[in-house]
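Reading through the structure tokens given below for one structure.
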Amino acid sequence: MIAVGIDRIAEARGRIAGRIGPTPLVSSLSLSARCGVPVYLKLESRQLTGSFKLRGATNAVLSLSDKARRRGLVTASTGNHGRALAHAAQAEGVRAVICMSALVPANKVEAVRALGAEVRIVGRSQDDAQDEVERLVRQEGLTAIPPFDHADVIAGQGTIGLEIAEARLDTELVLVPLSGGGLAAGVAAAIKSRLPQARVIGVSMARGAAMHASLNAGKPVQVEEVETLADSLGGGIGLDNRYTFAMCRDLLDDVVLLSEEEIAEGIRHAFTEEGETAEGAGAVGIAALLANRIAVRGPTVALVSGRNIDEARHATIVNATMKAAGAAKGRTL
Ligand SMILES: *Cc1c(COP(=O)(O)O)cnc(C)c1O
């Protein structure tokens, strides 16, 4: 039994329709030529707030009871989920509190405030921020919306799978960035239901891939969090994981891990060849294809999950790899 099935995903689509439009599915000429099969990019990087997380957040906000809606929402995410939840709550006139530690950089704090959320600074670690979330749930009756291990969030992310399946009936493979697994679980549930022959492969960074380690161990395990270009893929899956571990175990055909250099190459390719700004996490599907890490057999979709990358860092990556490419060309001339 799949915990979040196609019915819930179809319901989520009806719920978020009108608030969230479908994103483009575009052909990549360069990747198609390189891979020898048609390759498409599903551009969730064009989603409002810069990532697909708005789908799950919007579905979760719209699924609240009237009482929960009146009291408001809380989360500890400072990344794409925090942004998405802030935006989704504001759009529905619901209070959102985002708890952060004092170590979160000022620009991130401001970005969340600008989206209309209330910021609460507590302690000096992500754990301190999470403790405050739990206190607000207990003492003030706010509803916590976690970034991935939540049925409404998974169903919202799954709407991407429906869009892919309906746009390209011949899809043979979908590459999905994988962290906590809300995106991969939802997309795989939709794809496997609508296109049973298609494969779905998760892609993570080699540094600190918690779902990969957990799938290998046969249960949720903790991994050390280290810095990576795919920063949106960092963090654990939760030792008390309820949904995403089992769904990823039962639905994913494989998980592929990439080096930092391979991820950088994906970011560069997205920008110079496809004209798209992708953050590290968003570029891993493209990167896996460029690195020949996937056996492609037919029409392939790489899901580009987000674009929220520090501008200076993006420029450095694009310029560095362009210089290297220029130097290599110079030598052959
Ligand atoms: C959150 C996120 C992911 C991973 O999603 P999970 O549901 O945690 O697996 C991938 N890419 C981007 C840009 C994200 O923000």
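Remember, it's 1-based here, ligands and their atoms both numbered in the order they're listed. Values reported hereafter were calculated over all heavy atoms of this structure, with side chains retained and with hydrogens, waters and symmetry mates removed. Numbering starts at 1 and runs along the sequence shown. Remember, predicted model here, so these are calculated numbers, not experimental data.
Note on V153 and L303: separate hydrophobic clusters, where clusters join Ile, Leu, Val, Met, Phe, Trp and Tyr whose side-chain heavy atoms are under 4.5 Å apart, directly or indirectly.
Residue-level contacts of ligand 1 at the 4.0 Å heavy-atom threshold are F52, K53, N80, F148, P177, L178, S179, G180, G181, G182, L183, S232, L233, E279, A281, S305, G306.
Among L31, L289, V296, L173, the single residue meeting the side-chain contact (heavy atoms from CB on, under 4.5 Å) criterion with V37 is V296.
Under 4.0 Å is where a charged nitrogen must lie from a carboxylate oxygen, and between E44 and K53 no such pair does.
Between the side chain of R307 and the main chain of S45, a donor-acceptor pair closer than 3.5 Å is present. Listed for the H81 side chain is a donor-acceptor partner under 3.5 Å among the backbone atoms of I145.
Closest approach of T228 to E260, counting heavy atoms only: OG1-OE2, 2.8 Å.
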